[in-house]
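To start, the structure itself, in structure tokens.
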2 protein chains.
Amino acid sequence: VVVSDDLIFRLRGAEQRLLPRLATLVENDDPSGLEALRVLYPLTGRAHVVGVTGRPGAGKSTLVAAMMECIRASDRRVAVIAVDPSSTLTGGAVLGDRIRMMERHADDGVFVRSMASRGRQGGLAWATAGLVHLLDAAGYPLVVVETVGTGQDGTDIASLADTVVVVEAPDLGDSVQTVKSGLLEIGDIVIVNKADQPGADEALRLLRAAFDLVQSREPQILSAVATAGVGVPTLLAAIDAHFEWLTATGQLVARRERAARSEVLAGLRAAIDRRLEDGSDRSPELARLISQVAGREMSPGEAVETLTGLLTSSLNS
Amino acid sequence: VVVSDDLIFRLRGAEQRLLPRLATLVENDDPSGLEALRVLYPLTGRAHVVGVTGRPGAGKSTLVAAMMECIRASDRRVAVIAVDPSSTLTGGAVLGDRIRMMERHADDGVFVRSMASRGRQGGLAWATAGLVHLLDAAGYPLVVVETVGTGQDGTDIASLADTVVVVEAPDLGDSVQTVKSGLLEIGDIVIVNKADQPGADEALRLLRAAFDLVQSREPQILSAVATAGVGVPTLLAAIDAHFEWLTATGQLVARRERAARSEVLAGLRAAIDRRLEDGSDRSPELARLISQVAGREMSPGEAVETLTGLLTSSLNS
């Protein structure tokens, strides 16, 4: 891929295979992917970025697939990034089917990318953010990021979104787990999927009560049966309404500041991780401290204190 | 807790409640916990540290409980650190029962600590390493660390161990998943638990074939029925034999170097994470870059490059 000033025209224009190729470069943190993002970044910030998160088995992939179908039915373009769909037993397969279906129809109003989390722990949020910018620049007005949403990566990925949808399901047993997991705190919209199953009403009641406690804004608690498409248009309307609310209240600017902060910190963490792994063989200071720790001459805590002292003095000067 | 030079005598001597209190301080990364480890660290390196890892549902907690029972039957002392036992549905409860049982018998030859992973993502391996040193210094000749063993934390925790036991079970479906997960590469001993269930022979065959490919050393593939204690004495003998092999071949020194490296890097990551979270509000340089990224004046990649340049120049000088 040749990165030049006309990249944006080639991306939005005739070069059909450019987007998937750039996406691969960005995903792999390739230098030309970074260079492409440098060129494209000023053109971003137009897409509405929607995060869809929730516990494994809640039916996130099925819901996202139903959302895509509904969005395409109204002829809007949409891009989906599925982060680690293999984390659920069936999720990956469901989305895989959907991708194949879309590809068969050669539907260029849809772009789907699934990202595996294995072996890229630290850099997952960073790579996801890069893909979001790429799809934003490519002109997709709506970018959906599906993620399990736990751990540091999950939190980082959720904070990239303008609107976060938390998916819950009655058959996961205790909805109290969702309340306790901290997912509600990050959710702008909570949707109880599989609402035709026993326990759905109870889950809705519990979530309404809990949501009232943690959110200052009017709670948005919805229900859906994703497999039948039930509740999906209402969800999409709520997502649009949330974006209008963000824009009208000026909250969007604050969210984007938060997203930029989260992305830069995630990138910095990933870069530091990589340099530490290399650097511990190359940096004489680091090697010396590790050897002293192994020899029981210095405690691990003292070694870390020495190293962070070195590292952070450069940030705060 | 008063940390003084006689800490080791108080720890190994009469102060019954000192160890659990110190463990809490170490777990919370409290300054007096760090200070205690500084005093105690020169006395560590005697314990055999055994990691027990595997996919959720493999029966790790049940196996560890059976190991404890067997070790106590031969009157050896043992300490167990269960990292995130709540990640399996029943694991936490099984170990909880066991702890209560042990406590009823006031068995001071056993120390059990379970550590939740929630809300301490980055620092989990660091806190676990601290606990291992504490229990080592307290005189436990065997420290067992049970962990799910996936992700950066899992890998970091496994690399703290002298001997890594990977637990597999036939009813988890495809054993190919264990092969693919990378767990085999870190395992010194692989044990197929629930060996009385269908598919156990097939799992054993597959693992033997895969293990031959990834390990240079003679593979140790065992089987057990942890709920009935079957295979547990053989496992303990294999664990002891592995430690003897490590000592005889000089491999132990290399493992301890690797563990020290892993611990210092984990501690450094955790410390940097904390300082970044604070620092991004305090550090003018970081705040300025984030604001430029949010305003689309600078790409995230350029911001990260600038920051890592600042940070790592101090390490490599």
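A, B, ... follow the sequence lines: proteins, then strands. Residue 1 opens every chain. Note that the coordinates shown come from a computational prediction; the quantities given were computed from them, not determined experimentally.
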Point-to-point distance, once rounded to the nearest 0.5 Å, from CD of Glu263(A) to CD1 of Ile290(B):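 It comes to 10.5 Å.
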Note, Val264(A) side chain near Leu289(B) side chain (heavy atom, < 4.5 Å): no
4.5 Å side-chain heavy-atom contact, Arg38(A) and Glu305(B):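 No, too far: nothing below the 4.5 Å cut-off.
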Side chain, backbone, both or neither of Glu302(A) within contact of chain B (heavy atoms, under 4.5 Å): side chain
Smallest separation among heavy atoms of Ser299(A) and Leu37(B), with atom names: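 In terms of heavy atoms, the two residues are closest at CB-O, 4.3 Å.
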Minimum heavy-atom distance between Thr44(A) and Arg296(B), given as atom pair plus value: OG1-NE, 2.9 Å
Options Glu35(A), Arg256(A), Glu257(A), ranked by heavy-atom pairs under 4.5 Å with chain B, top entry: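 The residue among Glu35(A), Arg256(A), Glu257(A) with the greatest pair count is Glu257(A).
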Max heavy-atom pair count under 4.5 Å with chain B, selected residue of Ala129(A), Ala259(A), Gly267(A): Gly267(A)
Top contributor to chain A interface from Ala271(B), Pro300(B), Ala303(B) [non-hydrogen pairs under 4.5 Å]: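 Highest number of heavy-atom pairs under 4.5 Å: Pro300(B).
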Under 3.5 Å: donor-acceptor pair, side chain of Tyr41(A), backbone of Val293(B):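 Between the backbone of Val293(B) and the side chain of Tyr41(A) there is a qualifying donor-acceptor contact (under 3.5 Å).
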